[in-house]
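Structure first, commentary second.
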Amino acid sequence: MKDTQKRTSSHLNDDEAAVNEARGLFEALGSYIGETGDDLAGVESELFRRLLGIGRALLQATVSRREAEEARARESGPSRVGYQGQRSYRYVSVFGEIRVSRAYYWDGETGVAPLDVEMSRPERSYSSLLEQWVLRLAVVQPFEASGDWLAEQLGIRIPKRSIELMSREAAVDTRAFYEDREPEAEVGDCLVMSGDGKGVPMTKTELAATPARRGRGEKAQKKKMATVVTMYRVTGEARTGGKLPDIAARDKQMWAELKDKATFPAFLKTQVARRDAPRRVYLADGQPAMWTLKNEICPDAVEILDFHHLSEYLWKAAYCLHREGSPEAAAWVAEQETRMLSGKAGLVIGGLRHRLTKGLIRGAARQKTVETVVNYLVNNRARTRYDEYLTAGFPIGSGAVESACKQLIVTRLEGAGMRWSVPGAQAMLDLRSIHLNGDWNDYWDFHRQRDHRRRYPDHTNHDLSTEPETLAA
């Protein structure tokens, strides 16, 4: 009994000491304000540093109070079997490091610390808010640079490897978040889907795991292809008079899959089903894999071949018919584009075939190129009814998904010297999707709830929405 009273008294003393420290820091801050002659920049910097110290002291005071309350309840209430004494851990918050002590019990099979559940102790020593902040940096700049910035601003050093692991752990609920989330208000009567592929630079270890025999002169593969998909809404208004600027996209969202492409279509199909729209279209270039994906996620969508990609093929043919860079080549492309936009793909295909059969194209290489262009047009002819698409108000360019490829992959994953493992790249793609879709704060609320349930499955009714942000895991 005396030992228990001593421990309780010790917690009460710690509680009082933490409060006194916070009070002393605040009084010192008041004295500084009343006496300082620093310029505004100096005052601002000093205030920030001191406020961090006050925040750390108040956070420690809050924890010490909870520890004292737990000690009092243990002393005055019924004894709990299996008490193993006090155990502490290091907790690194945005204000700095504190220590958390709590009662630990052992029932013969498992150990439990009730205060861990009440305060939702995180898996690691870093607070959820600190992780959220550093990963918000890491989705837009390298891990090391994110850690350096945090150390400079908060005086907290998080190793690069720890930030990498944080990103993988933080991304585990991204699919569940979108499957659980209610769709946004529906603006626009047409749902547009678009898919494309983009390579991600991989580590040598990852590339060695899937060796491929290269042809003569072929360079070693340094990337793995990720599938990028966007969904957005447009208001279908008729467009006439030829090619017009792309329609404004609303409620745009994007995702990318590198790790588990087999399950990606099922996720996308769920997202399509959640978005009610009387008309649906799917835009892509000529990759067969992208059309296969379309059939898996929305078979009834209108298929549209990206007009810009089609134009690239027309330019290839033009340089086989006319001198590269010549006005004649540009005029020929402009004429064929006008025909395609008018729904006259047959004239374009027929004209190229005529040149081939009449021997009007010189050189085997040029003939082969034109044959490739003809085959491309024939294979995708049903997707080139651009006159109908424009009348219906459908977009005919896949600029949205090309932009998504740049935003999700190029901007962050293709920096100088960057190489990724598959799990690391997928985690970054998922977190960047959350960020670019404007869902960052909502996702972290969702992730914290699920993470708490995973770590404390016997306490699923715990509501983190009322918990102090800095103590949440």
Side-chain angles (χ1 to χ4, degrees), residues 6-72 86 88-102 115 118-122 124-138 140-141 144-159 162-163 166 440-441 444-445 448 464-473:
K6 287 181 180 179
R7 287 193 294 268
T8 303
S9 177
S10 174
H11 287 301
L12 292 173
N13 291 336
D14 291 342
D15 184 11
E16 184 178 354
V19 172
N20 288 335
E21 180 187 3
R23 185 178 294 113
L25 290 172
F26 187 78
E27 291 174 353
L29 177 61
S31 298
Y32 168 75
I33 294 299
E35 299 171 359
T36 182
D38 295 344
D39 60 17
L40 286 178
V43 172
E44 184 177 7
S45 178
E46 183 64 16
L47 282 177
F48 183 73
R49 184 187 68 81
R50 291 183 181 233
L51 288 172
L52 286 178
I54 292 173
R56 186 203 60 76
L58 290 174
L59 188 62
Q60 183 68 72
T62 301
V63 169
S64 297
R65 174 183 60 79
R66 300 282 288 272
E67 294 169 0
E69 290 172 352
E70 181 186 52
R72 282 194 294 265
Q86 297 297 120
S88 64
Y89 63 88
R90 169 178 173 259
Y91 184 87
V92 184
S93 75
V94 296
F95 301 113
E97 181 177 333
I98 64 171
R99 302 296 298 182
V100 180
S101 176
R102 72 275 193 260
L115 203 56
E118 292 180 22
M119 296 196 296
S120 193
R121 176 190 176 183
R124 298 178 180 274
S125 59
Y126 303 110
S127 76
S128 174
L129 186 61
L130 184 60
E131 287 193 0
Q132 185 176 347
W133 283 12
V134 72
L135 290 179
R136 178 60 180 77
L137 295 170
V140 296
Q141 63 182 18
E144 189 171 4
S146 301
D148 289 344
W149 189 93
L150 202 71
E152 180 181 344
Q153 302 302 320
L154 301 181
I156 299 170
R157 172 63 66 180
I158 303 179
S162 295
I163 302 176
M166 279 182 194
W440 189 259
N441 292 330
W444 274 91
D445 290 341
R448 286 173 54 229
L464 292 182
S465 63
T466 60
E467 290 296 303
E469 182 71 14
T470 49
L471 285 178

Here the gap from Phe95 atom CZ to Leu154 atom CG, rounded to the nearest 0.5 Å, amounts to 9.5 Å
Smallest heavy-atom separation, Ile98 atom then Val63 atom, equals CD1-CG2, 3.8 Å
Item to complete: Could you give me the CA-CA distance, side-chain angles and deciding distance for Gln60 and Ser64, then say whether side-chain contact (heavy atoms from CB on, under 4.5 Å) is met?
Response: CA-CA 6 Å; Gln60 183 68 72; Ser64 297; 3.6 Å; yes
OG of Ser127 to CG of Leu59, rounded to nearest 0.5 Å, is 8.5 Å
*Between Tyr89 and Tyr91, how do the two ring planes meet: parallel, tilted or perpendicular, split at 30° and 60°?*
perpendicular
Heavy atoms of Ile163 and Leu135 approach each other most closely as O-CD2, 3.9 Å
* Counting distance only, does the side-chain N/O of Ser146 pair as donor-acceptor with the main-chain N or O of Ala138 below 3.5 Å? -> yes
Shortest non-hydrogen pair, Gln153 vs Phe48, comes out as O-CE2, 3.2 Å
Decide side-chain contact (heavy atoms from CB on, under 4.5 Å) for Ile54 and Leu58; before the verdict, give the C-alpha distance in whole Å, the side-chain angles of both, and the deciding distance to 0.1 Å. CA-CA 6 Å; Ile54 292 173; Leu58 290 174; 3.8 Å; yes
Self-check item: Intermediate values then yes/no, side-chain contact (heavy atoms from CB on, under 4.5 Å), Val100 and Arg90
Solution: CA-CA 7 Å; Val100 180; Arg90 169 178 173 259; over 6 Å; no
Of all heavy-atom pairs linking Tyr126 and Arg157, the shortest is OH-O, 4.4 Å
Check residues 29-37 and write down every donor-acceptor pair under 3.5 Å in which the side-chain atom is one partner and the other belongs to a residue at least two apart or another chain.
unit_1 : atom_1 : unit_2 : atom_2 : d
Ser31  : OG     : Glu27  : O      : 3.2
Tyr32  : OH     : Thr36  : OG1    : 3.4
Tyr32  : OH     : Asp38  : OD2    : 3.1
Thr36  : OG1    : Asp38  : N      : 3.1
Thr36  : OG1    : Asp38  : OD2    : 3.4

In terms of heavy-atom contacts, Ser93 and Leu130 come closest through O-CD2, 4.1 Å
- prompt: Does Trp149 reach the side chain of Val134, with side-chain heavy atoms less than 4.5 Å apart?
  reply: no
Would you say Ile158 and Met166 make side-chain contact, with heavy atoms under 4.5 Å?
yes
Between the CZ atom in Arg448 and the OG atom in Ser120, the distance rounded to the nearest 0.5 Å is 7.0 Å
Next item on the list: Would you check if there is a donor-acceptor pair between the side chains of Glu67 and Ser101 at a distance under 3.5 Å?
Entry: no
Applied to residues 42-57, the salt bridge (charged side-chain N to carboxylate O under 4.0 Å, His left out) test, sequence neighbours excluded, yields Glu21-Arg56, Glu46-Arg49, Glu46-Arg50
Do Arg102 and Glu70 meet the salt-bridge criterion of a basic N to acidic O distance under 4.0 Å? no
